[in-house]
Amino acid sequence: MQTRLARLYQKGDLRIETNTVSAPGPGEVLLKMAAAGICGSDLHYYQDGGFGPVKVREPIIPGHEASGTVSQAGEGVDLKAGVLVAVNPSQPCGHCEYCEKGLPIHCLEMRFMGSAMRLPHEQGMFREWLVVPAKQCFEVGAATTAAEAACSEPLSVCLHAASRAGDIMGKRVLITGAGPIGALMVAAARYHGAAEIVVTDLADAALERAKAMGASRAINVSRDAAALAEFETGKGYFDLVFECSAAAPAIRSAIAVIRPRGTIVQVGVTGEIPIPLNAIVGKELHIHGTQRFHEEFTAAVGLISTRKIDVRPIISHSLPLEEATAAFALAGDRTAACKVQLTF
């Protein structure tokens with residue numbers, strides 16, 4: 001069988017190609033892919049050739065947030081043909097030091113689909129047909145669309161970030177950056193009982209989506225840079241910050257407006273930036289990193305399937321695989337787009 005796919009060769013060089021797909025083996029399924037979202041990391045690969053220390057060093061098929069329909073099941077697989085599934089791109093080894101300690105997120109041999117972190121790169125899901133282990137496929141609700149199901153991965157990221165924050169119930173929360181992850185972070189914080197959620201960004205369109213996801217207030221800091229000043233009084237107002245922008249000014253603002261012994265969860269990823277250590281020390285702040293997810297994927301599929309978290313407001317555009325280059329260009333325009341998905 002032949003499959004069409006999108007392969008990135010280097011910065012700005014994305015090509016639509018054809019390759020062969022084998023039949024599923026024992027424990028595997030053949031999926032007819034349905035929808036796949038363009039993530040921030042995919043965009044960095046395309047626009048910049050990588051991010052931080054992670055660089056595209058060989059051709060890679062991007063894509064790690066996707067859904068597909070089961071076409072054929074291999075031996076020992078219970079999934080039925082025609083079932084729509086969300087695909088978990090995470091494949092920890094299960095036997096390294098960290099897997100055995102119950103920390104598979106930090107697996108030493110992690111295989112994460114569509115990631116350039118390892119060499120050879122792990123190939124991703126921007127393709128029409130895909131063979132994948134059945135254990136990575138999670139059936140979604142009957143009323144769930146392919147586009148919604150493909151949001152399971154980014155929602156999982158946000159649910160894991162929420163778990164790093166501790167108890168969110170009744171907390172005053174600031175979310176800096178209202179891209180797809182920031183908007184889903186709003187939904188996750190609201191789901192976990194946040195009393196107030198203020199969101200900042202530079203784009204009005206992004207802030208409108210954040211409000212649709214449950215934000216109490218949205219502030220355009222490019223137009224109203226002084227708007228956060230009111231939250232600095234009394235050593236800070238917010239109990240908790242989810243920093244989703246990875247922008248140095250946003251991080252400095254977060255430190256200024258959080259109360260003493262508050263918690264900052266760093267969700268956004270960038271290279272090295274200067275930070276005010278004196279304020280971190282003086283306020284005795286708790287700063288947590290967060291990456292990816294594990295058991296949260298199952299939870300994300302359930303929340304999307306029941307629409308206890310409605311992801312539809314963030315899905316802004318869907319383009320066919322053949323228009324992948326245009327889709328990437330659109331995904332880079334934050335004034336127009338939020339979550340851009342490819343369809344197959």
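Positions are given from 1, in the same order as the sequence printed here.
- One N or O on the side chain of His121 and one on the backbone of Arg57 form a donor-acceptor pair closer than 3.5 Å.
- Val54 is connected to Met113 through a chain of hydrophobic side-chain contacts under 4.5 Å among Ile, Leu, Val, Met, Phe, Trp and Tyr, so both are in one cluster.
- Between the side chains of Ser216 and Arg172, no donor N or O sits under 3.5 Å from an acceptor N or O.
- The heavy-atom pair separating Met110 from Cys107 by the smallest distance is N-SG, 3.3 Å.
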Inset, instruction - For Val198 and Ile219, run side-chain contact (heavy atoms from CB on, under 4.5 Å): C-alpha distance rounded to whole Å, both residues' side-chain angles, the deciding distance at 0.1 Å, then the answer. - result: CA-CA 8 Å; Val198 176; Ile219 299 172; 3.8 Å; yes
Under 3.5 Å, side-chain donor or acceptor atoms of residues 76-100 against the rest of the protein: list the pairs with distances, not counting sequence neighbours.
| residue | atom | partner | partner atom | Å |
| --- | --- | --- | --- | --- |
| Asn88 | OD1 | Ser90 | N | 2.9 |
| Glu97 | OE2 | Lys101 | NZ | 3.1 |

Legend entry - Verdict with supporting geometry, Lys11 and Asp13, salt bridge (Lys or Arg N to Asp or Glu O under 4.0 Å): CA-CA 6 Å; Lys11 173 183 174 180; Asp13 185 5; over 6 Å; no
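- Looking only at distances, a side-chain donor or acceptor of Arg127 sits under 3.5 Å from a matching main-chain atom of Gly124.
- Formation of a donor-acceptor pair under 3.5 Å by the Glu296 side chain with backbone atoms of Leu159 is not found in this model.
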Legend entry - Derivation and outcome, side-chain contact (heavy atoms from CB on, under 4.5 Å), residues Ile315 and Gln341: CA-CA 8 Å; Ile315 304 167; Gln341 295 181 337; 3.9 Å; yes
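- Side-chain contact annotation: Thr176 with Glu243, donor-acceptor N/O pair under 3.5 Å present.
- The aromatic rings of Tyr237 and Phe231 sit tilted, their planes meeting at an angle between 30° and 60°.
- Listed for the Arg209 side chain is no donor-acceptor partner under 3.5 Å among the backbone atoms of Met213.
- For the residue pair Ser152 and Glu65, no side-chain donor N or O sits within less than 3.5 Å of a side-chain acceptor on the partner.
- Between the side chain of Thr3 and the backbone N or O of Trp129, at least one donor-acceptor pair lies under 3.5 Å.
- Residues Val21 and Val29 are members of separate hydrophobic clusters, defined by side-chain heavy-atom contacts under 4.5 angstrom among Ile, Leu, Val, Met, Phe, Trp and Tyr.
- Although no hydrogens or angles enter the test, the distance criterion places a donor-acceptor pair under 3.5 Å between the side chain of Lys283 and the main chain of Ala256.
- Counting only heavy atoms from C-beta outward, the side chains of Leu31 and Ser71 never approach each other to under 4.5 Å.
- In this structure, CG on Asp310 lies 9.5 Å from CD1 on Ile304, to the nearest 0.5 angstrom.
- Criterion: ILVMFWY side-chain heavy atoms under 4.5 Å apart, direct or through other members. Under it, Phe51 and Ile273 are not part of a common hydrophobic cluster.
- In the hydrophobic clustering, where aliphatic and aromatic side chains (Ile, Leu, Val, Met, Phe, Trp, Tyr) are joined below 4.5 Å either directly or transitively, Tyr9 stands alone.
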Legend entry - Test log, rule side-chain hydrogen bond (donor to acceptor under 3.5 Å, both in side chains), inputs Gln266 and Thr290: CA-CA 6 Å; Gln266 185 60 44; Thr290 180; over 6 Å; no
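- Residue Glu75 qualifies as open at atom CD: its count of foreign heavy atoms under 6.0 Å is 12 or below.
- Of all non-hydrogen atoms in Leu228 and Ser253, the two that sit nearest each other are CD1-CB, 4.0 Å.
- At a threshold of 4.5 Å between non-hydrogen side-chain atoms, the residues His288 and Thr263 count as touching.
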Inset, instruction - May I have the step-by-step check of side-chain contact (heavy atoms from CB on, under 4.5 Å) for Ile38 and Phe126, ending in yes or no? - result: CA-CA 9 Å; Ile38 297 176; Phe126 287 169; 4.0 Å; yes
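- The line from CG of Leu119 to NZ of Lys55 is 14.5 Å long, rounded to the nearest 0.5 Å.
- The closest side-chain donor-acceptor pair between Gln10 and Tyr45, if any, does not fall under 3.5 angstrom.
- Going from atom CD1 of Ile314 over to atom CD of Glu148 covers 10.5 Å, rounded to the nearest 0.5 Å.
- No donor-acceptor pair closer than 3.5 Å links the side chain of Lys211 to the backbone N or O of Leu207.
- Side chain of Glu196 to main chain of Lys171: no donor-acceptor pair is present (N/O by atom type, distance under 3.5 Å, no hydrogens or angles).
- A continuous path of hydrophobic side-chain contacts links Leu155 to Tyr191 [ILVMFWY only; heavy atoms under 4.5 Å].
- Side-chain contact between Leu30 and Leu130 is absent, with no heavy-atom pair separated by less than 4.5 Å.
- Proximity of a side-chain donor or acceptor of Lys308 to a complementary backbone N or O of Ser305 within less than 3.5 Å is not detected.
- Between Ile280 and Ile255 there is a side-chain heavy-atom pair separated by less than 4.5 Å.
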Legend entry - Chi angles and distances behind the side-chain contact (heavy atoms from CB on, under 4.5 Å) call for Val311, Leu184: CA-CA 7 Å; Val311 298; Leu184 288 172; 3.8 Å; yes
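- Side-chain contact check for Ser156 and Glu153: no donor-acceptor pair (N or O, by modelled atom type) lies under 3.5 Å.
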Inset, instruction - Evaluate the criterion salt bridge (Lys or Arg N to Asp or Glu O under 4.0 Å) for residue pair Glu58 and Arg118; output intermediate values, then yes/no. - result: CA-CA 11 Å; Glu58 64 180 15; Arg118 290 166 56 100; over 6 Å; no
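- Remark: the backbone N or O of Val140 is not paired with any side-chain donor or acceptor of Thr144 at under 3.5 angstrom.
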